[in-house]
Amino acid sequence: MATLVVLADPPVEGFVLPEIVESTPVTAAEAARLYEAMLTDLCRGIQASAGDLLVNYRPAEQVPADVDPEASLRAVLDDALEEPDEARYEVQVGETFAGRAGNTATHLLDEEDEDSIAIVKPATPFLGRQQIGSAAMKIRSSDVVLGPTTDGRLYYAGFSESIDFENAYAAPAVETLTARARDADLDVDFLSMAPVVETGTDLANAVAQIRARLRAERNVPIETATVIDDLGLYVEESEGGIAVARTSDSS
């Protein structure tokens, strides 16, 4: 099974999920709570799949003052994971997401001789054992495995060989990373689409899917679903699509 690297930010109010705060009724404090829940669901899913969990955190100079990035992430995950001692924590190196992802991937593949690694976004609560297992099967026959989400973004990028990561996540990331892999004569395969929760539209889709799954008595990312329920979030029709709303008795 691959090492799955979660490029995580400290779940600090005002620092995480800014686009959701700007475009939905969710406050900065509630966004931090939602981020914690999604990170927990993701990391639990990784451990349940028997994947090796590596939490990559920002250096202190890239986070708000007086925040210890590793300590803030451990404060969430140490109590949430069944095997907290099996999770590794390492500081990220790089100024951009692509730089941090590339430095981590190259280090693990070329210096630590990992057979394969995957870069995963933290706001991906629906990534579970089935998709991680599918990715593990695909990486045996393809050098790069990508998990696409909406707007050309990616929720998962698995590698058994290094590529040129400079600006590799430039939009649309699914096309850019595919091109980089093919430029290096590497084979590429894809996972099924899955949501990420980074924008107001993302959150609306996630809320609708979670509420539908609950009504159908199907599996949901439990921590994320609990926060959505506690905040009284639901989806209503809006001009041009759907939008997040909340019940009047929530705060």
Side-chain angles (χ1 to χ4, degrees), residues 1-2 4 6 8 11 16-17 20 23-27 29-51 53 76-84 86-87 118 120-138 145-151 153-156 190-238 241-251:
M1 189 67 70
L4 281 86
V6 181
V16 294
L17 304 179
I20 287 177
S23 59
T24 76
V26 174
T27 67
E30 292 165 347
R33 185 181 170 199
L34 177 63
Y35 188 93
E36 289 184 7
M38 294 191 292
L39 179 65
T40 296
D41 284 327
L42 171 62
C43 292
R44 283 177 176 170
I46 291 171
Q47 288 201 332
S49 72
L53 171 61
V76 175
L77 296 176
D78 281 355
D79 291 334
L81 297 179
E82 290 190 10
E83 298 178 310
E86 296 299 316
V120 185
K121 289 190 171 183
T124 312
F126 295 94
L127 181 62
R129 180 186 303 178
Q130 181 177 357
Q131 288 158 312
I132 295 172
S134 176
M137 293 292 292
K138 288 176 180 292
V145 175
L146 302 178
T149 187
T150 56
D151 298 323
R153 295 170 295 168
L154 294 168
Y155 66 88
Y156 182 104
F190 299 91
L191 301 175
S192 59
M193 293 277 291
V196 296
V197 186
E198 298 174 329
T199 69
T201 301
D202 293 340
L203 181 58
N205 287 318
V207 170
Q209 187 168 155
I210 284 174
R211 284 186 167 273
R213 289 189 182 193
L214 287 170
R215 188 64 181 268
E217 299 182 347
R218 299 297 181 181
N219 290 335
V220 297
I222 187 63
E223 297 298 328
T224 305
T226 298
V227 171
I228 286 171
D229 183 63
D230 288 349
L231 297 181
L233 302 183
Y234 67 96
V235 171
E236 61 183 8
E237 188 175 5
S238 67
I242 58 175
V244 176
R246 66 190 311 165
T247 57
S248 58
D249 60 349
S250 62
S251 59

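When a residue number appears, it is its place in the shown sequence, counting from 1. Values reported hereafter were calculated over all heavy atoms of this structure, with side chains retained and with hydrogens, waters and symmetry mates removed.
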Check whether any side-chain N or O of [X] sits under 3.5 Å from a backbone N or O of [Y] as a donor-acceptor pair, and report yes or no.
| X | Y | value |
| --- | --- | --- |
| R44 | A80 | yes |
| R129 | Q47 | no |
| E30 | T27 | yes |

Would the number of heavy atoms belonging to other residues, nucleotides or ligands and lying under 6.0 Å from [atom1] of [X] be above 12?
| X | atom1 | value |
| --- | --- | --- |
| R153 | CZ | yes |
| E237 | CD | no |
| N219 | CG | no |

Find the distance between OG1 (T24) and CG (L203) and round it off to the nearest 0.5 Å.
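Atom-to-atom, T24:OG1 and L203:CG are 5.5 Å apart.
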Taking the side chain as every heavy atom from C-beta outward, state whether L191 and Y156 have any pair of such atoms under 4.5 Å apart.
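Side-chain contact under 4.5 Å: yes.
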Are the side chains of L231 and R246 in touch, meaning some heavy atoms are under 4.5 Å apart?
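Side-chain contact under 4.5 Å: yes.
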I need the minimum non-hydrogen distance between [X] and [Y], along with the two atoms involved.
| X | Y | answer |
| --- | --- | --- |
| P11 | A32 | O-CB, 3.7 Å |
| I132 | G45 | CD1-O, 3.8 Å |
| A8 | P122 | CA-CG, 4.3 Å |
| P195 | T124 | O-CG2, 3.9 Å |
| Y155 | M193 | CE2-C, 4.2 Å |
| I210 | A225 | CG2-CB, 3.7 Å |

If you apply the rule side-chain contact (heavy atoms from CB on, under 4.5 Å), what do you find for L4 with L53, and how did you get there?
CA-CA 5 Å; L4 281 86; L53 171 61; 5.6 Å; no
Quick one: list whatever passes side chain to side chain donor-acceptor pair (under 3.5 Å) with T149, sequence neighbours left out.
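Result, side chain to side chain donor-acceptor pair (under 3.5 Å) vs T149: none returned.
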Before you tell me yes or no, could you show the steps for R211 and Y234 under side-chain contact (heavy atoms from CB on, under 4.5 Å), namely the whole-Å CA-CA distance, both residues' side-chain angles and the distance that decides it to 0.1 Å?
CA-CA 8 Å; R211 284 186 167 273; Y234 67 96; 3.6 Å; yes
Under 3.5 Å, sequence neighbours excluded: what are the donor-acceptor pairs made by side chains of residues 33-43?
{"unit_1": "R33", "atom_1": "NH2", "unit_2": "D230", "atom_2": "OD2", "d": "2.6"}
{"unit_1": "Y35", "atom_1": "OH", "unit_2": "D9", "atom_2": "N", "d": "2.9"}
{"unit_1": "T40", "atom_1": "OG1", "unit_2": "E36", "atom_2": "O", "d": "2.9"}
{"unit_1": "D41", "atom_1": "OD1", "unit_2": "I222", "atom_2": "N", "d": "3.4"}
{"unit_1": "D41", "atom_1": "OD1", "unit_2": "E223", "atom_2": "N", "d": "3.1"}
{"unit_1": "D41", "atom_1": "OD2", "unit_2": "E223", "atom_2": "N", "d": "3.3"}
{"unit_1": "D41", "atom_1": "OD2", "unit_2": "T224", "atom_2": "N", "d": "2.8"}
{"unit_1": "D41", "atom_1": "OD2", "unit_2": "T224", "atom_2": "OG1", "d": "2.7"}

Going through the distances and angles, do S23 and T199 end up as a side-chain contact (heavy atoms from CB on, under 4.5 Å)?
CA-CA 8 Å; S23 59; T199 69; 5.7 Å; no
Evaluate side-chain contact (heavy atoms from CB on, under 4.5 Å) for V197 paired with N205, printing each intermediate quantity in order.
CA-CA 9 Å; V197 186; N205 287 318; over 6 Å; no
